[in-house]
Each structure stands twice: as structure tokens, then as C-alpha cells.
Amino acid sequence: MKTTRLNVRMSERRLNKLRSYAAIKDKTVTQIVEDWVDRLPNAESVKINADPLPINPAD
């Protein structure tokens, strides 16, 4: 599998929280992010199950 780099900007507080969570789970930050991405629904199921946009009557 070819890997690609992902850069994400976040506060130092969030990064520390993520690193602490990864350490508690005995995983790397990369593994935590990959696990989260793997839990996302695939794009096709999102399209099928998408709610229609709400219609707001003109005031």
C-alpha cells in the first residue's frame, strides 16, 4: 500500500489531547486517525441516505 502524507492544522491543546488519547490506547496518532476514517460511511451510502435540504419559505 502506498502511503500519502496528510497535514492538519489544529491547536496545540487538541494535538496534545490526540497524543494523550493515542498513548492511552497504545496506538500512534496515525492509527487513531486511520481508525476514525475507516468508520466513516462510504460516499455512495451518504448519497443514498442523505436528507433533503430543508425548504425555508420566503418571509
Side-chain angles (χ1 to χ4, degrees):
M1 171 181 69
K2 183 180 178 205
T3 60
T4 302
R5 187 170 191 86
L6 171 67
N7 294 315
V8 178
R9 288 180 182 220
M10 67 175 63
S11 69
E12 189 172 349
R13 179 188 61 80
R14 285 186 174 126
L15 179 57
N16 290 336
K17 186 175 181 179
L18 180 58
R19 286 177 173 157
S20 294
Y21 180 80
I24 290 167
K25 294 294 186 176
D26 195 30
K27 292 186 173 191
T28 65
V29 170
T30 297
Q31 289 171 317
I32 298 296
V33 172
E34 287 176 340
D35 289 349
W36 177 75
V37 170
D38 289 344
R39 288 188 194 114
L40 293 174
N42 63 36
E44 196 57 39
S45 68
V46 170
K47 288 179 186 177
I48 292 169
N49 297 323
D51 292 330
L53 293 175
I55 299 173
N56 295 326
D59 291 312

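As the structure is a prediction and not an experimental result, all values here were calculated from the model.
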Asks: Among all residues two or more places apart in sequence or in another chain, which pass the side chain to side chain donor-acceptor pair (under 3.5 Å) test with N42?
Replies: S45

Asks: Name all pairs fulfilling the side-chain hydrogen bond (donor to acceptor under 3.5 Å, both in side chains) condition that reach into residues 19-38, sequence neighbours left out, sorted by first residue then second.
Replies: K27-D35, T28-Q31

Asks: With clusters defined by side-chain heavy atoms of hydrophobic residues (ILVMFWY) lying less than 4.5 Å apart, directly or transitively, does I32 cluster with L40?
Replies: yes

Asks: Suppose we screen for side-chain contact (heavy atoms from CB on, under 4.5 Å). Which residues come up paired with A23, at least two apart in sequence or across chains?
Replies: none

Asks: Without placing hydrogens or testing angles, list every side-chain donor-acceptor pair under 3.5 Å for residues 8-17, not counting sequence neighbours.
Replies:
from : atom 1 : to  : atom 2 : distance (Å)
S11  : OG     : R14 : N      : 3.1
N16  : ND2    : E12 : O      : 3.3

